[in-house]
Amino acid sequence: MDRIRIVGGNELHGVIPISGAKNAALPLMIASLLTDDTLTLENVPHLADVEQLIRILGNHGADISVNGRRERQGESYARTVHFTSRNIVSTTAPYELVSKMRASFWVIGPLLAREGRARVSLPGGCAIGTRPVDLFIEGLTALGASIEIDGGYVNATAPAGGLIGGRYTFPKVSVGATHVLMMAATLANGTTVLGNAAREPEVVDLAKCLNAMGAKISGQGTSTITIEGVRSLSGARHRVLPDRIETGTYAMAVAMAGGDVILEDTEASLLDTALEAIRRAGAEISDTNNGIRIVRNGAGIRPVDIVTDPFPGFPTDLQAQFMGLMTRSSGVSHITETIFENRFMHVQELARLGAKISLSGQTAKVEGVSRLKGAPVMATDLRASVSLVIAGLAAEGETMVSRVYNLDRGFERLEEKLTRCGAHVERVSD
Ligand code: UD1
């Protein structure tokens, strides 16, 4: 199994190209099941989760072709992928496939809307909490679906004439349930109004693509989304938006290691709250014509308190990385997680590098230390794993991160992107 070896101490200087967003690519790919025409997605990142979803969509009958194009020598593959689901050959998403990636549960929306039925395995628990599916079930029921849970599967059936537009207000903001209800409602009879909807940029990106396919969605990016159902959707061509989590992660890596880096092909407006926190920690951040420049020279890292929140708040997916940065601050910071109940597994691993962190409920108190020391650590989940890389960049000596498959789920060519900026990071295959 691969591991990542980091020798800390080097500053970062150069350019890092930002990939297309994993969390936008996944729902966009799933939206291709809504039409018998071809959906072409550009800027699709090359990640384990994307490959897994390609297998899942294939199981439903999607014909998928990939045009790999080397955009810049050795740096990043932005792929254009064509999805054609002429016929849906199976409305069942089996446990073996869904259990590997929670987002694959989202096929329930398009399958139900297009075929009138879906049988999708419950995703099961995951490392960062219980992550139930009650909001999906309530929301689809509001569109007229009958749903029963049997033998670990959600069996959903639409009324004879198809789903019916309805009103549903989420009791809690859910990105995934917003994606699914928006997709399902595109083909419903009548108008659907979703209240307290997620406002994440990936929801806006999905709505934009669905509208290009002929859907009638308005209000995306606000907490009320209105979807007027249409008879059918057509194909379209859409470019996946930049990955704001990858952007924030590298910005924090530069803030940690020091240096001067341009993050290319991204947009600061996708992560204002996180960039503001990094600025307060002492880095200078400015816009370039195609991205963001981040500089930290000399000055130490200042302690900053953060609380995770749905967009436009501080993203939970950057919480672990920010904690990594705060381990070296010159004081005490508090990091509060409000989205997932068990998203502090990185604390123990950061402690192995010498970080001083104590937990009280959903808040971590981080007392900055003047030095971290490299050690063997384990990647526990996707975002936690990259916080260890960030800490490793500033640790003395060697940090060896195992269980790298967690990293490969969401970060394209991480070691290559960091190495090109002067970091000492390499993949070791046993
Ligand atoms: C998405 C992102 C993930 C990010 C998360 C929150 C993708 C592929 N994943 O995950 O990276 O961390 O948003 O920004 O886009 N909940 C319920 N019942 C439900 C659904 C969710 O209680 O039916 C809860 C969850 O347990 C969690 C909270 O709602 O506590 C938010 O989860 P949600 O926004 O749905 O996360 P995902 O869409 O799974």
Side-chain angles (χ1 to χ4, degrees), residues 20-31 44-45 47-50 52-53 56 98 100-109 120 122-142 147 149 154 156 168-184 194 196-206 223 240-241 243-246 248-249 270-271 273-274 307-322 336-346 362 381-387 406-407 409-411:
K22 170 182 87 77
N23 285 356
L26 300 179
L28 289 165
M29 290 166 67
I30 289 173
V44 177
L47 298 168
D49 273 10
V50 168
Q52 174 67 8
L53 187 55
I56 289 166
V98 178
K100 292 210 176 80
M101 183 180 49
R102 182 180 159 87
S104 52
F105 180 80
W106 301 349
V107 296
I108 194 168
V120 181
L122 285 165
C126 87
I128 60 173
T130 50
R131 300 179 96 177
V133 293
D134 53 329
L135 307 180
F136 295 80
I137 292 174
E138 276 178 28
L140 291 171
T141 305
I147 296 185
I149 297 179
V154 177
Y168 182 66
T169 297
F170 295 93
K172 175 178 191 178
V173 176
S174 163
V175 175
T178 303
H179 284 320
V180 163
L181 287 182
M182 205 163 67
M183 287 193 276
L194 302 176
N196 197 25
R199 291 182 283 163
E200 268 64 5
E202 293 76 21
V203 170
V204 177
D205 206 39
L206 176 62
S223 51
V240 178
L241 96 170
D243 196 316
R244 63 193 166 100
I245 304 304
E246 192 194 22
T249 299
L270 295 171
L271 68 161
T273 310
V307 179
T308 64
D309 248 327
F311 191 85
F314 191 100
T316 174
D317 286 350
L318 285 172
Q319 180 256 105
Q321 297 88 315
F322 198 73
T336 304
E337 172 60 52
T338 71
I339 310 288
F340 293 109
E341 73 267 31
N342 184 25
R343 206 168 203 185
F344 281 134
M345 271 118 39
H346 42 285
Q362 293 294 87
D381 73 47
L382 168 55
R383 310 303 179 185
S385 54
V386 80
S387 76
N406 274 314
L407 207 65
R409 289 186 44 217
F411 289 90

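Whatever order the structure lists ligands and atoms in, that order sets their numbers, starting from 1. Hydrogens, waters and symmetry mates are skipped; everything else that's a heavy atom, side chains included, is used.
- Near F136, the atoms of ligand 1 lying under 4.0 angstrom from a non-hydrogen atom of the residue are 20 (C), 23 (O).
- Geometrically, ligand 1 and E200 share no nitrogen or oxygen pair separated by less than 3.5 Å.
- One option in D381, V175, N23 has a heavy atom closer to atom 33 (P) of ligand 1 than any other, and that option is V175.
- Within ligand 1, counting atoms from 1 as listed, the ones closer than 4.0 Å to a heavy atom of R102 are 20 (C), 39 (O).
- Residue contacts with ligand 1: R383 is placed with no nitrogen or oxygen under 3.5 Å of a nitrogen or oxygen of the ligand (distance criterion only).
- For R343, the heavy-atom gap to ligand 1 drops under 4.0 angstrom.
- The closest side-chain donor-acceptor pair between H179 and E202, if any, does not fall under 3.5 angstrom.
- Residue M183 holds its CE atom at 11.0 Å from CD1 of I108, rounded to the nearest 0.5 Å.
- Neither the backbone nor the side chain of E341 comes within contact range of ligand 1; no heavy atom lies under 4.0 Å.
- Of the candidates T316, V180, V173, T316 brings a heavy atom nearest to atom 6 (C) of ligand 1.
- At a 3.5 angstrom cut-off on N or O pairs, A177 does not count as close to ligand 1.
- A donor and an acceptor atom, one from each side chain of Q362 and T338, are nowhere located under 3.5 Å apart.
- Aromatic ring pairs are classed by plane angle as parallel below 30°, tilted from 30° to 60° and perpendicular above 60°; the pair F170 and Y168 is perpendicular.
- Comparing heavy-atom distances from atom 19 (C) of ligand 1 across G139, G410, P132, S174 singles out P132 as nearest.
- Of all the heavy atoms of I339, the ones lying under 4.0 Å from any atom of ligand 1 are found in both the backbone and the side chain.
- For the pair P315 and I245, the minimum side-chain heavy-atom distance is below 4.5 Å.
- Per-residue contacts place G176 under 4.0 angstrom from the following atoms of ligand 1 (heavy atoms of the residue considered): 35 (O), 38 (O).
- Once rounded to the nearest 0.5 Å, the distance linking CG of L318 with CZ of R383 reads 7.5 Å.
- Under a 4.0 Å criterion applied to the non-hydrogen atoms of W106, ligand 1 contributes the atoms 7 (C), 8 (C), 15 (O), 38 (O).
- Contacts between E337 and ligand 1, counted as non-hydrogen atom pairs separated by less than 4.0 Å, are absent for every part of the residue.
- With rounding to the nearest 0.5 angstrom, the CG atom of D317 is 9.0 Å from the CD atom of E200.
- If you look at D317 next to ligand 1, the close heavy atoms, those under 4.0 Å, all belong to the side chain.
- Residue-to-ligand polar distances keep F340 apart from ligand 1: every N/O pair is separated by 3.5 Å or more.
- Proximity of a side-chain donor or acceptor of T316 to a complementary backbone N or O of I339 within less than 3.5 Å is not detected.
- Under a 3.5 Å cut-off, the side chain of T273 and the backbone N or O of P312 do form a donor-acceptor pair.
- Without hydrogens or angle criteria, D205 side chain to A24 main chain gives no donor-acceptor distance under 3.5 Å.
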